[in-house]
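Within every chain, numbering begins at 1; the chains are lettered A, B, ... in the order of the sequence lines, protein sequences first and strands thereafter.
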Amino acid sequence: MKKVYVGMSGGVDSSVTAALLKEQGYEVTGVFMKNWTQDLPGFPCPWKEDFNDAKRVAVQLDIPFKVYDFQKEYAQKVVDYMLDEYRAGRTPNPDIMCNQEVKFKLFLAAALDDGADMIATGHYAKTIDGRLLRAADDNKDQTYFLYRVTHEALQKTLFPLGEFASKEDVRKEAKRLGLATATKKDSQGICFVGKVGIREFLSQYVTTKPGNIIDDLGRTIGQHDGAIFYTIGQRKGLGIGGGLPCYVTGKDMDKNEVYVTRDITSNNLWTESTKLVDVHWITSEPVSGNTYQVRTRHRAKLEAATLLFEESKWNVIFKDKLRAITPGQSIVVYDNNEVLGGGIVI
RNA sequence: UGGGGCGUGGCCAAGUGGUAAGGCACCAGUUUUUGGUACUGGCAUUCGCAGGUUCGAUCCCUGCCGCCCCAG
């Protein structure tokens, strides 16, 4: 009987994951990863609540329950990474880093060390022979967040929810199983900051100064309270009225300037190609010159793009120009249903 | 201080005698395990100010204030 350690966050998805595996005959142990516990002014960190929910479900399922404390590593690998990227003027994706560094590295290692044969999470994805495949439910597919997980880690991972046709089915399953978390609301936003906006979070760690908002004709048309808060394609929060909406097209951290356009078709907003850094390919790299499907943000539709390896860098040439391709964000490459890997926009 | 034009919510902007369109911004909500996007809803008892005409004025008249343009 295989021993599986299931990462239980206290949400429905991981609860169902644990329950299903147990039902399938695995020897399941629930593990709550304690990654972040700090409160922010006005926003208590929800970790305790989540912990209680996870524990509650473990008791219901009558499975062993453990807590792994990764706070130190999480702060370093995820939060510091995120802050550094923002300071550098890029827009990072901390959840991708969390999967790479914490869930599918630290957690996996600790679980194996504890005697586990496999780990499992409530991600909507499939894995076969250490390959990563899109979830059956295209609407919930979370492979975008998982492209940096290694082949070796995937070989020891189970994603039971990948076969579900919809989130509704997962909820039904949770109800059928009578899980305490069956009706718990889905979490959104960066996992560790909970309900807090990224803006409030960053404010705690960086000092910011007001600066100019400049349009494509070089005119200063407004003021912002810190370039770090803005990202490419952003519309809200600029406070500029009159005429058409404004979208951020770029920023200069040294000058503390934010650039915008009112022209939704502006070339500053639409990109036809980009280079990737820190690429990660799960089993093998793409064939240079071939066309694949890429995803430039979670839940964005797959877009055709040609991958070209030139001057030691992977270039992505989109079939159609894409909106708001943002440095620091990830582009994930798909070969039909399989995730080949991806990289970070330079 | 001669001529012309304008002043509608934070911004842009319709209306022009019958009781304030629309867009942007903003706020709220929905969607979303990143940022962001998108979607839905809310948002001027009031039209620079003061008088007058009228049953009734943002719309007509007078004066004042402010702004712009052309002449200078």
Taking the same atom, P, in B:rA21 and in B:rA44, what whole-Å distance lies between them? 10 Å
C1' spacing across the pair B:rG41 / B:rG5, given as an integer number of angstrom: 39 Å
With hydrogens left out and only the distance checked, is there a donor-acceptor pair under 3.5 Å joining A:His298's side chain and the base of B:rU33? no
Hey, is CD on A:Glu272 packed in by over 12 heavy atoms from elsewhere, all under 6.0 Å? no
Contacts of A:Leu244 and A:Phe145 projected onto RNA chain B by closest heavy atom; the upstream (5') one is A:Leu244
Touch check for A:Gly237, heavy atoms < 4.0 angstrom, all strands: base, sugar-phosphate only, or nothing? sugar-phosphate
Pairwise N/O distances under 3.5 Å, protein to nucleotides 20-22 of chain B:
none

Residue pairs meeting ring pair (Phe, Tyr, Trp, His ring centres under 6.0 Å), one or both in residues 273-332 of chain A, sequence neighbours left out, come to A:Phe145-A:His298, A:Trp281-A:Trp314, A:Phe309-A:Trp314
OP1 or OP2 of B:rA38 less than 4.0 angstrom from a side-chain nitrogen or oxygen of A:Tyr247, does that happen here? yes
Residues in residues 320-337 of chain A with a heavy atom under 4.0 Å of RNA chain B, by number, are A:Arg323, A:Thr326, A:Gln329
Mind checking the C1' distance from B:rG17 to B:rU58? Whole angstroms is fine. 10 Å
Looking for any heavy atom pair under 4.0 Å, which part of the strands does A:Tyr86 touch: base, sugar-phosphate only, or nothing? sugar-phosphate
Hey, is A:Arg87 close enough to A:Asp80 for a salt bridge, meaning N to O under 4.0 Å? no
Which residue pairs pass the ring pair (Phe, Tyr, Trp, His ring centres under 6.0 Å) test with at least one member in residues 230-249 of chain A, sequence neighbours excluded? A:His224-A:Tyr230
Looking only at atom C1', what distance separates B:rA13 and B:rC6, rounded to whole Å? 14 Å
If you look at every strand shown and take non-hydrogen atoms under 4.0 Å, does A:Lys140 touch a base, only sugar-phosphate, or nothing? sugar-phosphate
Residues that A:Ala111 engages under side-chain contact (heavy atoms from CB on, under 4.5 Å), provided they are two or more places apart: A:Tyr5, A:Tyr68, A:Phe107, A:Ala116, A:Ile119
Sorted by number, the residues of residues 168-183 of chain A with heavy-atom contact under 4.0 Å to RNA chain B: none
Salt-bridge present (A:Lys2, A:Glu27; N to O < 4.0 Å): no
Whole-Å distance between B:rG35 C1' and A:Leu238 CG? 14 Å
Look at the side chain of A:Pro245 and decide which nucleotide, out of B:rC24, B:rU31, B:rU33, has an atom nearest to it. B:rC24
So what's the dot-bracket for RNA chain B: Watson-Crick or G-U pairs under 3.5 Å, [ ] if a pair crosses, | if it pairs off-strand? .(((((((.[[[..)..(...]]].(((((.......))))).....[[[[[..)....]]]]]))))))..
Atom-to-atom span, CG of A:Asn99 to C1' of B:rU34 - whole angstrom: 11 Å
Integer angstrom distance from the C1' of B:rA57 to that of B:rU46: 12 Å
Output yes when a side-chain donor or acceptor of A:Gln204 lies under 3.5 Å from a complementary backbone atom of A:Phe201, and no otherwise. no
Under 4.0 Å between a Lys/Arg side-chain N and an Asp/Glu carboxylate O for A:Glu173 and A:Arg176? yes
Got a sec, which residues hit side-chain contact (heavy atoms from CB on, under 4.5 Å) with A:Thr91, two or more places apart in sequence or on another chain? A:Tyr86, A:Thr231, A:Thr326, A:Gln329
So, A:Thr29 side chain and A:Pro64 main chain: donor-acceptor pair closer than 3.5 Å or not? no
Return the set of residues passing side-chain contact (heavy atoms from CB on, under 4.5 Å) with A:Ile346 (not counting sequence neighbours), or none when no residue passes. A:Lys275, A:Val277, A:Lys313
Pairs under 3.5 angstrom, nitrogen or oxygen only, protein versus nucleotides 39-44 of chain B, please.
none

Would A:Arg90 and A:Asp84 pass as an ion pair if we require N to O under 4.0 Å? no
Determine the interatomic distance between C1' on B:rC24 and the same-named atom on B:rC43; round to the nearest Å. 13 Å
Spell out, as yes or no, whether a donor-acceptor pair under 3.5 Å connects the side chain of A:Asn256 to the backbone of A:Asn212. no
Can you sort out the partners of A:Thr283 under side-chain contact (heavy atoms from CB on, under 4.5 Å), two or more places apart, ordered by chain and number? A:Arg131, A:His151, A:Glu338
Would you tabulate the nitrogen or oxygen pairs shorter than 3.5 Å linking the protein to nucleotides 10-15 of chain B?
| residue | atom | partner | partner atom | Å |
| --- | --- | --- | --- | --- |
| B:rC11 | O2 | A:Gly242 | N | 2.7 |

